[in-house]
There are 2 protein chains.
Amino acid sequence: MSRWANVLPDREEVLEAKRKAIIREAAKVFNRRGSHGATLEDVSERLGVTKAALYRYVQSKQDLLFACHEEAMEIARESIDKGEAEGRNGLEKIQIGMSGYLREMIGAMGVPVLILEENALTGRQAERIIALRDEFEARMRRLVEEGIADGSIVPLNPKLAMFMLLGAVHWVTKWYSPDGPWTADDVADALIEMATRGLASRPGAKLRARIHK
Amino acid sequence: MSRWANVLPDREEVLEAKRKAIIREAAKVFNRRGSHGATLEDVSERLGVTKAALYRYVQSKQDLLFACHEEAMEIARESIDKGEAEGRNGLEKIQIGMSGYLREMIGAMGVPVLILEENALTGRQAERIIALRDEFEARMRRLVEEGIADGSIVPLNPKLAMFMLLGAVHWVTKWYSPDGPWTADDVADALIEMATRGLASRPGAKLRARIHK
DNA sequence: CACATAAGTGAACGCAGAGTAGCTTAGCCT
DNA sequence: AGGCTAAGCTACTCTGCGTTCACTTATGTG
């Protein structure tokens, strides 16, 4: 039945691995060119196949875009889970959550942040992604409120704080290159430290992340 | 020669006003849908004309996109000019510059921030916009350095700080709606106060902007 | 080895949307 | 009023790209 003690990759696994690879490259292309500007040929080229080959793994371009967004939201959810589990107050939860999110997003294996364009997704798919995003934003906002309540964050508008942090984080895909001098970890630590310092009730007198020297 | 004491709009003026209106609406559409996802019909519809009519005022979609970016960079330049002129130290210059920028961008008459997608512009036009953007970013970075030197900003990586601020500001177009409860002024003040607090060497114990209550 | 099935290719097809051409209407001047 | 030009519209053309189809090449099995 099973040969080589099952060390050989299974059909299913190979298929899933390829699908993952497609999603990862597609996300990069969608990010750089926008969802309409990106062509399936851009994606297939990066993978060394023709665009027709992609259709063995995805149903349509829409489907692919949706999968990218789902993946991104999944990472967001896991990150905020981690933050909630490990942080000792609202501020720490946010810091842990956001820096994990950022690291995953721009790190070697990760999926870059996707900016959702209006009408890029439609119908059920749009609803689903927007629901996930809203849930994520609501959880972030609640962490800010928690931080204000426990005294780790100064009184401020939670929604605005949440948007400020998300902006700082999502913008990273516009300038970050893994080929540059900074690692994903460096950037995640330094950026989150700086951005959350604006919220902290007792902001440190110095910044400690490596990039700030 | 001149009738009605020149209160009647001149041909040239009308033409220019229409062109401005096109640019303003186009910028909104480009922002929401992405530069490839935006159609000229979207733009013309908002102006109550057909897309063919647009071609009396712009040469091509590319041309229009370029004009939008030029306009945005012009506002950026003016804002930073103002910040440099009026601020008393690095931090203040940044605060004044950025909040002016944001106000102009999202305010009633302004052009929303444009996110430059790779390959949306090409050749000379791309070069020009990228050069303007680089110049703007360099000036911002220098203000951060100035702030560190004059003691208003804690020692940190100036480039990263600049990117953080730009992210927070540019992201605003993704969530701000003029129909919501907040005015452009409200948002500009509150957001910039919060974001720059992360850089300040002596961050205020409270946030004063109206939105933070 | 022969065969079955999966994986991938190159060449179409079709459609949305940029851009154009020629006609119609509106505004202004004498 | 008549005529001139600007402004706009309707109805096209044309191109790029998503998607499909018929075919070829690889992979694994009895």
Atom-to-atom span, CD of B:Glu16 to P of D:dA7 - whole angstrom = 13 Å

Could you state the CZ-P distance from A:Phe30 to D:dC17, rounded to the nearest angstrom?
-> 14 Å

When all nucleic acid strands are considered with a 4.0 Å heavy-atom cut-off, which category describes B:Thr39: base, sugar-phosphate, or nothing?
-> sugar-phosphate

Checking D:dC9, C:dG19, C:dA7 against the side chain of B:Val49 (C-beta onward), the nearest is D:dC9

Name the closest nucleotide to the A:Ser60 side chain, picking from C:dG10, D:dA6, D:dT19.
-> D:dT19

So which nucleotide from D:dC9, C:dG10, C:dA7 ends up closest to the side chain of A:Ala52?
-> C:dG10

Consider the side chain of B:Leu40, meaning its heavy atoms from C-beta on, and name the nucleotide among D:dG18, D:dT10, C:dG19 that approaches it most closely.
-> C:dG19

What is the minimum heavy-atom distance between A:Lys61 and A:His36, and which atoms define it?
-> NZ-O, 3.7 Å

Round to a whole Å and report the spacing from CD1 of A:Ile22 to C1' of C:dG8.
-> 12 Å

Atom-pair distance (NZ on B:Lys51; P on D:dC12), nearest Å | 14 Å

Starting at atom CZ of A:Arg56, determine the distance to atom C1' of D:dC21, rounded to an integer number of angstrom.
-> 13 Å

Atom CG of A:Leu15 to atom P of D:dT27: distance rounded to whole Å?
-> 16 Å

Sidechain N-carboxylate O distance under 4.0 Å for B:Asp134, B:Arg141 | no

C:dG8 phosphate, OP1 or OP2, under 4.0 Å from A:Tyr57 side-chain N/O = yes

What is the distance from CG of A:Leu54 to P of C:dA6, rounded to the nearest Å?
-> 19 Å

Say whether B:Thr183 and B:Asp186, considering side chains only, have a donor N or O and an acceptor N or O under 3.5 Å apart.
-> yes

Hey, is the side chain of B:Lys18 poking within less than 4.0 Å of OP1 or OP2 on D:dA6, counting only N and O atoms?
-> no

Shortest non-hydrogen pair, B:Gln125 vs B:Asp63, comes out as NE2-CA, 4.2 Å

Base of C:dG19 paired with side chain of B:Lys61 (donor-acceptor, under 3.5 Å) | no

Salt bridge or not for A:Arg142 and A:Glu145, using N-O below 4.0 Å?
-> no

In whole angstrom, give the distance that lies between atom OH of B:Tyr55 and atom P of D:dC9.
-> 15 Å

